[in-house]
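Owing to the predicted nature of the structure, the values given are computational and were not obtained by experimental measurement. The analysis underlying the following values was restricted to heavy atoms, covering all of them including side chains, and did not include hydrogens, waters or symmetry mates. Per chain, numbering begins at 1; letters A, B, ... match sequence-line order.
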Amino acid sequence: MAYEPLELEARMQKRWEEAGVARTPEAPGRPNFYCLEMFMYPSGRIHMGHVRNYTIGDVVARFQRMRGKNVLHPTGFDAFGLPAENAAIKGGVHPKAWTDANMAAMRSQLRRLGFLYDWDREVVTCEPDYYRWNQWFFLRMYEKGLCYKAKRPVNWCPECATVLANEQVENGTCWRCHNPVEMRELDQWFLKLTHYAEELLRNLDDLTQWPPEVVAMQRNWIGRSEGALVHFPVEGRERPVTVFTTRLDTIYGATYLLLAPEHPAVGEITAADRRPEVEAFRARMRSQSTHERATTREKEGVFTGAWALNPFSGERIPVWVANFVLMDYGTGAVMSVPAHDQRDFEFARAYGLPVRVVVQSGNLSAETLEAACPDDGVLVESGPFTGLPNREAARRMGAFLEEKGLGQRTVQYRIKDWGISRQRYWGTPIPIVYCPECGTVPVPERDLPVLLPKDVAFTGRGRSPLATREDFLKTPCPRCGKEAQRETDTMDTFVDSSWYFLRYTSPKESSAPFARGAVEAWCPVDFYIGGIEHATMHLIYCRFFTMVLRDLGLLPFGEPVKRLMCQGMVIKDGAKMSKSLGNLVEPDEMVARYGADAVRLNMLFVSPPWDRLDWQDSGAEGAYRFLARVHGLVEEWAEDLKGPAEPGEGPVHPLRRKVHQTVAKVEGELEGRLKINTAVAALMELANAVLAFAASYDRSPGQRFVFREALTALVQLLAPFTPHLADALWERLGGQGFLVDGPWPAWDPELAAEEEVTLPVQVNGRLRAQVTVPAGASEAEILEAARNHEKVRPHLAGRTVVKEIAVAGKVVNFVVR
RNA sequence: GCGAAAGUGGCGGAACCGGCAGACGCGCAGGACUUAGGAUCCUGUGGGGCAACCCGUGGGGGUUCGAGUCCCCCCUUUCGCACCA
């Protein structure tokens, strides 16, 4: 029978379904393993990026189950979000209907690919059963002071008509639509990410099974820096201006002060002496978009007319406003030290402000300086601190600062609190009521969930659509009963994805977000796979949530994921696959042609999982041919292999050795470094060896034993990669049940060991011959064999052997003169 | 600009600890079987000589008996951050 993957796969999937093989096993006494892939946004259809991500996960999940573990391998949908709402605005479909239709289509695509998901545990975040717990967490955090409302300048995307979190702004543009982001002063709900900044940073050291680039990106994102707050008295202002600096040692070189255009002190200190140019400058800065501000490199500024006092030197220095000083980092004010900071240097040169060297690291002179010098050195012109090495000086100056009440040492983080308010419909309603009497009142737990109303007007602009529903908006105050108004913003969908992995452990739990016992049994996640684009969004947020839930007493651990892998991007014609570029490749057509097994295998084989993969439609054909050969082998010999077989006497048959080596190789890859492409290559090698063996197979019991062992092992090893074919062939060979429940073949190191080794023989490092010696040969025996090799002798003749090197199992090298 | 990763046949890639460079596959070439083949099977496939041998992992230097792998300089590509004081 020819290899007909469509028929075969349909048959196997039906039988898996009937037998319920995907149900999560919870056998007592077996170790648990939680294999998770980042769940999907229901954008429409599955594309090759999904196929790659989920195939890698499926291989690991199936392998671990074959190894005898209980494996939790769930999936679901990150079902809230803007595209559903945009579709509603554009096409008049309700976001729920749009989402449901997409999920149905994607589910069937996933099933077709044969992924072993326990669909009974599916989590869909737009369901009230799920999002009520978002509201519940919100209230718990509110009680603990980890959730608060504040009026703050926030990132606003005019295109999406909503606020964005700091993490969701890329290069001054919206992470979703890539239009320029503006700053707007809005009342927003925030989660206190900064409360965990230190722990988020510190724990990174322990995430040794995370890709180092993700750790680096998070470290950079958290952006810890040690420094000091220093108060500079300003003439004509009661309160001083406080700056943040990491270079307190350079304070004697601070020749002027800089304020961000938005700094509140600017208005106060210019009030006495209204300088129109200051207001004009601020107005111009205000009119710039975030993107414009972020990309302008020229240093621009204007003198405020005010003067400050350097608290260390007592020097009178001018106060300027500058475009490159950011209001949202530090205090929005900096002391400018042009000799030792490049930005300050450029500014000073542009406006003719004084440059003073205060850390001498050679023979720097203010007159000849061409760029700022940030190097370490010895303090000069620094009052009582002159002569000290600058690092030592920084310590003493910090102590001095605090002693004299001039400021304090502090730590600054770049990471900010997480703004979660979204002025949109398709998300979790924020469970807050505003009462004219009682103020901000949290919705009592017994009234959860606050249901998202179905019918609203999708204006797509301005206020949240929820505000258009009087019956949603107006509600009695939970505290005093008077008429009050609900919060109409919804939550950022990243809240939904911050804890979904916990919900999978007990998805039907109705009295809590998750069952404590179930979470303790399965979590933290053993292996998590997803795209690196979430390095500073989802992967920070879910770590934060885990810490918060731990501190709320809900979890016994503070890190969600033990091992993380980021699969490489699937690109097409040099560009990332995306709907907007129109280069999405869906698996369906190829699956219809070559079968799911071939598509999966090709995806795994063609490059290491974490490398970028430029998609070529042609690849699956090779995988198909390989599978057809294996299929043909089993079809041809299955009957014969039922005949008498016994292990023969004498040396280990080379095919047996290859079998045991291959099991060791594949097992090692799937257990360890996961360079899955080389595991697939090893399977192909084994298949080639079996094919070659079959050509001279003599049907003796001894050979039959070797043949049967080899073919059986090959089929078992294929099971995680190409489960349909493997199960079908397993049945053909007389195997019981489905391979996902094992057994995984055992390998014997003695059978895998080579009896002879072939060593390269070099003369002066150049390859001259190869010698084959017994595996246990001594150094002397190896050298003897090498010396006498006919191709080596001429190279040694008439020369003096200076050195003989024999590295067991590796190489022989003669150094001659 | 700063930071990280990477550069290997016509292509995807392999070489895990410094030890035979190019596993495995695609493609290509020749052959077999065929009415035919874009099916299947066999053989070959880094370059030059077609033998001995020489050259070869972005370029240049170095360490070593031995370097794709380690060190220094340079080039290129990709990714991340982007005035973080």
Side-chain angles (χ1 to χ4, degrees), chain A residues 2 170-172 211-217 219-221 223-225 227 243-247 250 254 258 260 293-299 322-326 328-337 340-344 346-347 412-415 532-533 535-536 568-569 571 574 601-602 605-608 610-614 616 618-623 625-626 628-629 632 668-669 672-673 675 677-688 691 695 758-770 791 794 802-816:
Chain A
E170 298 173 346
N171 232 329
E213 58 269 41
V214 172
V215 171
M217 282 164 76
R219 186 166 283 131
N220 184 41
W221 188 260
R224 181 183 199 273
S225 49
V243 307
F244 173 71
T245 179
T246 54
R247 290 296 304 272
T250 64
L258 291 176
R293 273 292 285 282
T295 48
T296 307
R297 287 278 130 187
E298 276 113 285
K299 304 288 179 283
N323 64 339
F324 67 95
V325 180
L326 306 174
D328 59 4
Y329 184 77
T331 61
V334 298
M335 63 179 208
S336 194
V337 187
H340 304 292
D341 180 285
Q342 185 55 27
R343 295 154 302 179
D344 295 342
E346 287 167 28
F347 191 80
Q412 279 286 331
Y413 298 93
R414 209 183 75 121
I415 197 169
I532 197 164
E533 65 271 19
T536 55
M569 218 195 295
I571 60 170
L601 192 72
N602 174 58
F605 174 62
V606 69
S607 82
W610 42 82
D611 274 7
R612 139 197 299 257
L613 188 161
D614 200 342
Q616 306 287 333
S618 58
E621 202 176 328
R625 280 205 286 256
F626 163 70
R629 275 196 293 271
E669 286 297 348
R673 66 175 187 169
K675 206 158 174 183
N677 54 323
T678 66
V680 176
L683 291 176
M684 291 177 170
E685 281 188 56
L686 178 59
N688 290 344
L691 232 30
T758 301
L759 295 178
V761 182
Q762 303 177 339
V763 178
N764 285 347
R766 307 192 77 98
L767 181 68
R768 295 303 174 190
Q770 298 184 337
K791 287 194 167 171
V802 183
K803 200 170 181 180
E804 294 178 333
I805 294 142
V807 184
K810 297 284 191 186
V811 79
V812 179
N813 193 8
F814 295 105
V815 185
V816 301

Using a 4.0 Å heavy-atom cut-off, does A/E685 contact any base of the nucleic acid, only the sugar-phosphate backbone, or nothing at all? sugar-phosphate

Does A/N220 put a side-chain nitrogen or oxygen below 4.0 Å from OP1 or OP2 of B/C2? no

Do A/R247 and A/D341 touch side chain to side chain, with heavy atoms closer than 4.5 Å? no

Nearest-Å distance once atom P is located in both B/G60 and B/A67: 15 Å

Rounded to whole Å, NZ of A/K803 lies from C1' of B/G66 at a distance of 10 Å

Atom-pair distance (CD on A/Q342; C1' on B/C84), nearest Å: 16 Å

Would you indicate which nucleotide in B/G27, B/G19, B/C81 comes nearest to any side-chain atom of A/R625? B/G27

Out of B/C41, B/C20, B/G19, which nucleotide sits closest to the side chain of A/R629? B/C41

B/A23 to B/G12 separation - C1' atoms, rounded to the nearest Å: 13 Å

Base, sugar-phosphate or nothing for A/V815? Non-hydrogen atoms, less than 4.0 Å. sugar-phosphate

Indicate syn or anti for B/G62, taking the glycosidic torsion and treating anything within 90° of 0 as syn. anti

Compare all side-chain heavy atoms of A/L258 with those of A/D344 and state whether any distance is below 4.5 angstrom. yes

What does B/A67 pair with, Watson-Crick or G-U, if both distances are under 3.5 Å? none

Just the rounded figure in Å: distance from C1' of B/G25 to CG of A/L601. 10 Å

Judged by nearest nucleotide, the residue sitting upstream toward the 5' end of RNA chain B, A/Q412 or A/P760, is A/P760

Any base atoms under 4.0 Å from A/N813, or only sugar-phosphate, or nothing? Heavy atoms, all strands. base

Using the purine O4'-C1'-N9-C4 or pyrimidine O4'-C1'-N1-C2 torsion, is B/C17 syn (within 90° of 0) or anti? syn

Presence of A/S225 side-chain N/O under 4.0 Å of B/A85 phosphate oxygens OP1/OP2: yes

For B/G38, the Watson-Crick or wobble partner whose two distances fall under 3.5 Å: none

Which nucleotide in the list B/A15, B/A85, B/C24 gets nearest to the side chain of A/T678? B/A15

Let me confirm one number: the NE2-OG1 distance from A/H340 to A/T250, rounded to the nearest 0.5 Å. 6.5 Å

Using atom P in both nucleotides, what's the gap between B/A21 and B/C28 to the nearest angstrom? 29 Å

Of the options B/C24, B/C20, B/A82, whose atoms approach the side-chain atoms of A/R414 most closely? B/A82

Measure the spacing between CE of A/M569 and CG of A/L613 and express it to the nearest 0.5 Å. 11.5 Å

When you compare B/G58 with B/G10, how far apart are their P atoms, in angstrom units rounded to a whole number? 13 Å

To the nearest angstrom, how far is A/K810 atom NZ from B/A21 atom P? 14 Å

Name the closest nucleotide to the A/N323 side chain, picking from B/G66, B/C24, B/C83. B/C83

From C-beta outward on A/I805, which listed nucleotide comes closest to its side chain: B/A39, B/C79, B/G19? B/G19

For the side chain of A/T758, starting at C-beta, report the closest nucleotide among B/C54, B/C20, B/C16. B/C20

Between A/K791 (NZ) and B/C20 (P), how many Å, whole number? 18 Å

Rounded at 0.5 Å granularity, tell me how far CZ in A/R768 sits from CD in A/Q762. 10.0 Å

CD of A/Q412 to OG1 of A/T331, rounded to nearest 0.5 Å, is 7.5 Å

Could you state the CG-P distance from A/L691 to B/C42, rounded to the nearest angstrom? 7 Å

Base, sugar-phosphate alone, or nothing: which one does A/D344 contact when heavy atoms must sit under 4.0 Å apart? nothing

Under 6.0 Å between ring centres, would you say that holds for A/F324 and A/F347? yes

Are A/V802 and A/V816 packed together at the side-chain level, in the sense that at least one heavy-atom pair is separated by less than 4.5 angstrom? no

Can you tell me which nucleotide in B/G25, B/A15, B/A85 comes closest to the side chain of A/V325? B/A85

Atom CD of A/E621 and atom C1' of B/C28: how far apart are they, to the nearest Å? 15 Å

In Watson-Crick or G-U wobble terms, with both distances under 3.5 Å, the base opposite B/A29 is B/U43

Scan every strand shown for a Watson-Crick or G-U wobble partner of B/U78, both distances under 3.5 Å, and answer none if you come up empty. B/A4

Has the side chain of A/K299 got a donor or acceptor that lies under 3.5 Å from a partner of the other kind on the base of B/C83? yes

Check whether any side-chain nitrogen or oxygen of A/K675 sits under 4.0 Å from OP1 or OP2 of B/A14, and answer yes or no. yes

For a 4.5 angstrom cut-off between non-hydrogen side-chain atoms, does A/T678 reach A/R673? yes

How far, in whole Å, is B/U69 from B/G56 if one measures between their P atoms? 13 Å

Note: for A/R343 and A/E669 on RNA chain B, the residue whose nearest nucleotide lies more 5' is A/E669

Whole-Å P distance, B/A5 and B/C70: 11 Å

Specify the closest pair of heavy atoms between A/F244 and A/S225, including all atoms of both residues, with the distance to one decimal. CZ-O, 3.9 Å

Tell me whether the side-chain N/O atoms of A/Y329 come closer than 4.0 Å to OP1 or OP2 in B/A85. yes

What's A/V807 touching, base or sugar-phosphate or nothing? Going by heavy atoms closer than 4.0 Å. base

Rounding to the closest angstrom, what is the interatomic distance between B/U40 and B/A51 at atom P? 33 Å

Take the protein atom CZ of A/F605 and the nucleotide atom P of B/A14, then report the distance between them rounded to whole Å. 10 Å

With the side chain of A/L767 defined as its heavy atoms from C-beta on, choose the nearest nucleotide among B/C54, B/C24, B/C20. B/C20

Can you tell me how far C1' in B/G68 sits from the matching atom in B/G7, rounded to whole Å? 11 Å

Touch check for A/R768, heavy atoms < 4.0 angstrom, all strands: base, sugar-phosphate only, or nothing? sugar-phosphate

Would you indicate what A/P608 reaches in the nucleic acid, counting non-hydrogen atoms under 4.0 angstrom: base, sugar-phosphate, or nothing? sugar-phosphate

By nearest atom, which of the nucleotides B/C65, B/C41, B/A14 is closest to the A/N677 side chain? B/A14

Report the base-pairing partner of B/C53 (Watson-Crick or G-U wobble, both distances below 3.5 angstrom), or none. B/G48

